Amino acid sequence: MSTPRPTSQSARPTGRPTAELRFEDVTVRYGSARRGHTAVDRVSLTVPPGQVVGLVGESGSGKSTLARAAVGLAPLTGGRVLLGGAPVPTRGRRRPLQMVFQDPYSSLDPRMTIGDSIAEAIPPGPSREERRAEVARLLELVHLDPDRAAVRPGLLSGGQRQRVALARALAGDPQVVIADEITSALDVSIQGAVLNLVRELQRELGLSMLFISHNLAVVRYVASHVAVMRDGVIVEEGPAARVLADPHHDYTRALLAAVPGTRTPRRTP
Amino acid sequence: MAAQRTRQPTRRWRQVVRTPLGAGASLLMALVLLLALVAPMLWTDQADAVDTGNILAGPSAEHWAGTDNLGRDILFRSLVAARLSVGLALTATAIAIVLGLLLGTAPMLLGRRLGRLVTASVDIAVAFPGLLLALFFAVIFGVGARGAVLAIGIAGAPSFARLVHTLVAGVAARDYVAAARAAGVGRVRVLLRHVLPNISEPLIVNATIGAGGALLSFAGLSFLGLGVQAPQYDWGRLLFDGIGALYVNPAAALAPGLTVLLAGLAFNLFGESVAKGLGVATLGHLPERRSAGPATSGPPTIRAEEPVVAGDDEAPVLDVRDLWVSFPGADGPVQPVRGVSFAVRRGEAVGVVGESGSGKSLTALAVSRLIEEPGRVEAARLQLLGADLRTGSERAQRQLLGTSLAMVFQDPMTSFNPTRRMGGQLAEVARQHQGMTRRDAFGRAVDRLAAVRIPEARRRAGQYPHEFSGGMRQRAMIGMGLMGSPALIIADEPTTALDVTVQQQVLDLLQAIREADDVALVLISHDVTVVGEVCDRVLVMYAGRIVEDLAAADLATGAAHPYTRALVAAVPDMETDLEQPLAVVPGRPVAPGEVPAGCAYAARCPLADDRCRAEDPQLASFETPDHRVACWHAGEPIPVDGPREPAPVDPVELVEVDAP
Amino acid sequence: MTTANSAVASTPATPTSGPQAGPGGRLSSALTHHWVRFAVRRLARLLVSVWVLVTASFLMIHLIPGDPVRGAMGPTAPAELVAARREALGLDDPLWVQYWDYLRGLATGDLGTSLISQLPVADVVAQRLPATVSLAALAFLAAVTVAVPLGVTMGVLTRRGRGRRTELAFTTSSVVLATVPDFLLGVGLVYVFGVQLGWLPVAGNVGPEAYLLPVLSLAVGPAAILARIIRVEMVTVLEADYVRTARAKRLPAPRVYLGHALPNALTAALTLGGLILGAMVASTVLVENVFAWPGLGSTIVSSILNKDYPVVQAIVLVYGVGVLLVNTTVDVVLALLDPRSMIRED
Ligand SMILES: Nc1ncnc2c1ncn2[C@@H]1O[C@H](COP(=O)(O)OP(=O)(O)OP(=O)(O)O)[C@@H](O)[C@H]1O
Ligand code: SF4
Ligand SMILES: [Mg+2]
């Protein structure tokens, strides 16, 4: 991986060491035992400390379910999710695993100022003043004007909202962040800015990250490892360079072949 | 998705009162509440005064609504009864709301299993009408005011619980609730901080309407003799007493009847007008749609008039010159499409790209004559296969468009009628435009489904849309366009809702159709790479204009407009340099209502100068006749700022932004 | 112009169309399968609802504070008589025995005996039921006949934010009409047509013209609400993508509205409409009392006042079953019109 770029931000004040996120035989079933449907089927996957793992697959393949299971929003039917060797806490106020959601228009409470939304995710402890300072620091981290903490999300564009959502995830002082299709609701012109920010934050803070996307080119740009998911199963996994250049599984090959722009443009005769 | 509301709460409430209906309802409401407050203090004596010489008298100067069987004044009694009537109704409503909130939020607080039990019980209870429940509970709690309050309150609880449950479920499904839970915020806190505030408006509105309902239900129970008992009296009781003397003194029944009606109306109309003002849905009421952005700067003055297709013998399939689309806005018309000119040759594939809101879809809808009132379409020329689409008989146009133009829309999930079988939906086209019999048309539909590679077409034709996968539906949509003999297919983001592998199948299908019969294609997409792969030529739209028209092969390297270049560079592809940050288009797109003077892109353009901000560049040939660009600095190198600093802090402008 | 397609049709229809072709075979029996599941589920729900209803009506008498028999016979009745009546009614048996007897009675059509008239309740109900059913059915018909065309027309006229004035006038007048409770409307009609004009009978159900005022009082409110709901659904449906598709097919306007929009608007309206139509059954109680209609409604009120609980129990039961039947019918119609509604409930 490339070396982190120099930055004007100070290093992370809390400086908790990042940890490894490991899914072990995770299964998630929805519905009853008889008529139900297995969304995630005995998936094992490791996000090494300080690395970005890209998870690709088509709609319904179980990517989001896996993510939601990790943060306790979907019930585990089997298996474990381990963070630095211990089960991920899904109760209580300390959540070292944080998530950023797909739709920036639905992931911020329209009635809360963005400052409050971020502050809510700060674990209890700091005083009011300290919280305010922390919110300002986080906003600055995602390149938003800290003076605007009192603004409601209605006034922000999609890309700005997604940056607030990133700041909120960082407020939980996470060791691992899961980003679920965070650019797919954004216009292409804005997508670039958010991707740049993700790479910058990840490198500066040394976060481990599970980056979910259906867009192979986007995953290629941010991730060092790639896992390919289909029908609830991981069919291929490996270093990004290897998987994208020399796919072993037929499905990965089909996905790569379908990426627009990889075939020569047609010309009318 | 619902538009996020950004107006200030107080301003929005003020708007409620500003409509005539809202003002009237608020006034009436205030009157009723005032009456309930002061009437017993002012007129109790007159209302209770017994006048034995004047029993069951008709209206007179002394007693405007006559007297009852003890000679008491009906009018004063009707006024004084306001407090008891309104008080009882409000108490009953309060009971219903509290119970409804408890039952409605229970599924969220209690977890899956218990929650489902509560929901199922509420579902069963809600099926029984309130009056029946009220009678049931009136029997249990006994005849009288107390029994009736409990009966009406409890009877109102199930429908309130259902409402709360629906609202809570709606909010709980939003990601901000998931985000709060993932951040470790407890359920009760999530309920108090995120859910309840976001459902408070519809709750208040429905509670107001519910109070009106309770008032009238109370009158009903009292009217049956099951509610308030003498010597207490509410409006229903007065009505009950008065109706016995309907032939002697009709006013004895009509006065309390009208009063209770007015009071009920006050609550309901007030609730409805608040609902309308706040954009809250009630039974049988649509939330108000937000109007499109702020005003434009009046009608356009400069209109492009230049040749579009140079040196082409054959008439183009589609020829559009100076196309404008406008909608009435809150402060004058807005123009999302501003003078678009292009032509599509036989068999040509033209791509249209641009950011969301740049007017791609409206252009497509306008050329296919699908923009409805109050939208307006104007053009200097609008021809399909040489026929003028601006004039001509409606029948002839329908025939031409129905057979020669095929449309494919973005969302295959919602673009078919869910209540009708696929085959019939396709066959309809042939029956309408080719005069085929039902059987022949169905046969053709099956044939067309097979042609778009739907396996087992005959069986599939008998199925409903929801039994098709997304990719199959989009193919069926294309097949529907092939029922006639199209010369042009307009596809508006046909693959955006599909997975990549399915996207490829759909694009391949379009390609095959094009090659087989020389059909022209207009492919709208926000994805530059898709358009670059499929199309011969690309139109780049920005703020309702075409800013560049170039060969698809030139997209990567030959683009001359700064916007096109930024758009291409901002999208990572499989060759993007991993060490460089992605190009970023700063700022945000221009809303149709706020197009500035000069070049619309100037605020985001690294090459912008004073001329750009003053004069609007026209689409003109650049280097070759087929390459058109609207830019004063077309093709000039864009300054690259050395090793990139971290992006500057983005000022959050205080502008209203709507959810897409 | 070339006839397109010939060549397209000749491109081989690839049956193995990649990973998406997926659920081909599974879909064949899907619809019948859904029908069976829907029927089973709907029946189960009906049975549970009926059971809840029966149990509630049974418990009603036991939830009343104090001794219902003493209440019915008055404080002056001799204690032995009260005890004997309690004995006869089986009120001294253990609760589950009484419950069992009640269920067995219902199964054999025995609804108990009136405390006041000593007549079998079943006879009272049988005698009164037809008048109520005919009143409700006529009102039901009238409401639907008026509301559907009105709502559809209004929906078309006010689609896409057009006809703001029409919309305001319609919405306001329908709110007003829906607010006027049936019994007040009844009183008003009695006053105008009976007292003032003397044109129409105001009591009883003799002759067809006697139906006019009661049906009117009963139907106006629900018709207004129903028309509003249908308008809203129509406006929503007219914005739907598939209506745009229908227009892109260049169908004439009536076919777009009636062929594509109406079925969808109706299915959406029916879900709420079912509840409103069900409520009409219960509304007969009030209207019957205004017009001295010899049906169940006037009987239940006098029975409540007389504390004739077995009669009250039976009539509550009959009304409840009537409501459930209306709801079930509506659900079945919905499923016939829109096959998705069966699946949505899953
Ligand atoms: N019926 C309407 N009334 C008023 N304004 C409208 C209407 N329809 C569209 N607009 C506005 O016109 C502008 C262009 O809309 P259009 O749908 O053509 O954009 P688009 O380029 O297709 O965007 P997207 O990529 O999101 O589909 C938008 O700003 C939109 O808000
Ligand atoms: S005209 Fe000026 S502002 Fe507009 S795109 Fe060209 S250089 Fe930029
Ligand atoms: Mg569009």
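Everything numeric here is computed off the predicted structure, so don't read it as measured data. Order of the sequence lines fixes the chain letters, A, B, ..., with proteins taken first and strands second; residue numbering starts at 1 for each chain.
Counting heavy-atom pairs under 4.5 Å between each of C/Ala56, C/Pro252, C/Ala246 and chain B puts C/Pro252 at the top. Of the listed residues (B/Asp411, B/Leu239, B/Thr414, B/Leu254), the greatest number of heavy-atom pairs within a distance under 4.5 Å of chain C belongs to B/Thr414. Listed options B/Ala219, B/Pro465, B/Gly481, B/Gly130 were ranked by heavy-atom pairs under 4.5 angstrom with chain C; first place goes to B/Ala219. Between chain C and the residues B/Gln432, B/Glu428, B/Gln399, the most heavy-atom pairs under 4.5 angstrom are made by B/Glu428. Highest contact tally toward chain C, considering only B/Gly220, B/Pro418, B/Ala457, is held by B/Pro418 [criterion: heavy-atom pairs under 4.5 Å]. Taking C/Val48, C/Leu53, C/Leu168 one by one and counting their heavy-atom pairs under 4.5 Å with chain B, the maximum is reached by C/Leu53. Ranked by heavy-atom pairs under 4.5 Å with chain B, the first of C/Val285, C/Val175, C/Ile61, C/Leu251 is C/Leu251. Contact tally against chain C (heavy-atom pairs below 4.5 Å) for B/Asn268, B/Leu401, B/Ile124: the top residue is B/Leu401.
Of the two parts of B/Gln425, the backbone and the side chain both hold a non-hydrogen atom closer than 4.5 Å to a non-hydrogen atom of chain C. With a 4.5 Å cut-off on non-hydrogen atoms, B/Arg369 touches chain C through its backbone and its side chain both. For chain B, no part of C/Ser302 is nearby; none of its heavy atoms comes within less than 4.5 Å. Of the two parts of C/Ser283, only the backbone, made up of N, CA, C and O, holds a non-hydrogen atom closer than 4.5 Å to a non-hydrogen atom of chain B. Contacts of C/Val312 with chain B are made by side-chain atoms alone, with heavy-atom separations under 4.5 Å and no backbone atom involved. Only the side chain of C/Leu184 comes within contact range of chain B, judged by heavy atoms closer than 4.5 Å. With a threshold of 4.5 angstrom between heavy atoms, C/Ala240 does not approach chain B through any atom at all. Residue contact with chain C, scored on non-hydrogen atoms closer than 4.5 Å, is absent for B/Ala25. For C/Leu324, the part lying under 4.5 angstrom from a heavy atom of chain B is the side chain only. Proximity to chain B (any heavy atom under 4.5 Å) is restricted, for C/Leu275, to the side chain, taken from C-beta onward. For C/Val323, the part lying near chain B is the side chain, with the backbone staying farther off; criterion is any non-hydrogen pair under 4.5 Å. Heavy-atom distances place the side chain of C/Phe183, and not its backbone, under 4.5 Å from chain B. There is no contact between B/Leu498 and chain C, counting heavy-atom distances below 4.5 Å. Contacts between B/Leu405 and chain C at a heavy-atom distance below 4.5 Å involve the side chain alone, from C-beta outward. With a threshold of 4.5 angstrom between heavy atoms, B/Met477 approaches chain C through side-chain atoms but not through N, CA, C or O.
Under a 4.0 Å N-O distance rule, the pair C/Arg228/B/Glu272 qualifies as a salt bridge.
Among all heavy-atom pairs drawn from B/Pro129 and C/Gly278, the shortest one is CG-O, 3.7 Å. Closest heavy-atom contact between B/Arg398 and C/Arg250: CD-O, 2.8 Å. Closest approach of B/Arg420 to C/Gly259, counting heavy atoms only: NH1-O, 3.5 Å.
Looking at heavy atoms from C-beta onward, C/Lys307 lies out of side-chain contact with B/Val139 at the 4.5 angstrom threshold. Using a 4.5 Å cut-off on side-chain heavy atoms (C-beta onward), B/Leu261 and C/Pro181 make contact. Between C/Arg244 and B/Glu372 the shortest side-chain heavy-atom distance does not fall below 4.5 Å. In this structure the side chain of C/Val290 reaches within 4.5 angstrom of the side chain of B/Phe223, judged on heavy atoms.
Under a 3.5 Å cut-off, the side chain of C/Thr179 and the backbone N or O of B/Leu265 do not form any donor-acceptor pair. C/Arg247 contributes a side-chain N or O that, together with a main-chain N or O of B/Leu370, makes up a donor-acceptor pair within less than 3.5 Å. With hydrogens and angles ignored, the 3.5 Å screen pairs a side-chain donor or acceptor of B/His433 with a backbone N or O of C/Lys249.
Taken from CG in C/Leu317 to CZ in B/Phe136, the straight-line distance is 10.5 Å, to the nearest 0.5 Å. Atom-to-atom distance recorded for B/Leu132:CG and C/Ile315:CD1 is 11.0 Å, nearest 0.5 angstrom. Separating the CG atom in B/Asp123 from the CZ atom in C/Arg45 is a distance of 6.5 Å, to the nearest 0.5 Å. Atom CG of C/Leu286 is separated from atom CG of B/Leu131 by 5.0 Å, given to the nearest 0.5 angstrom. A distance of 8.0 Å separates CG in C/Leu59 from CD1 in B/Ile140, rounded to the nearest 0.5 Å.
When the side chain to side chain contact (heavy atoms under 4.5 Å, CB included) test is applied to B/Ala138, the partners found at least two apart in sequence or on another chain are B/Ala151. For the side-chain hydrogen bond (donor to acceptor under 3.5 Å, both in side chains) test, residues two or more places apart in sequence or in another chain that qualify with C/Asp308 are C/Ser114.
Test C/Thr245, C/Asp241, C/Asn264 against B/Asn417 for side-chain hydrogen bond (donor to acceptor under 3.5 Å, both in side chains) and you get one pass: C/Asn264. Exactly one residue among C/Ile304, C/Val301, C/Leu305 makes a side-chain contact (heavy atoms from CB on, under 4.5 Å) with B/Leu224. That residue is C/Val301.
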Ring pair (Phe, Tyr, Trp, His ring centres under 6.0 Å) between C/Tyr242 and B/Phe416, intermediate numbers included:
CA-CA 5 Å; C/Tyr242 54 81; B/Phe416 279 101; 9.8 Å; no

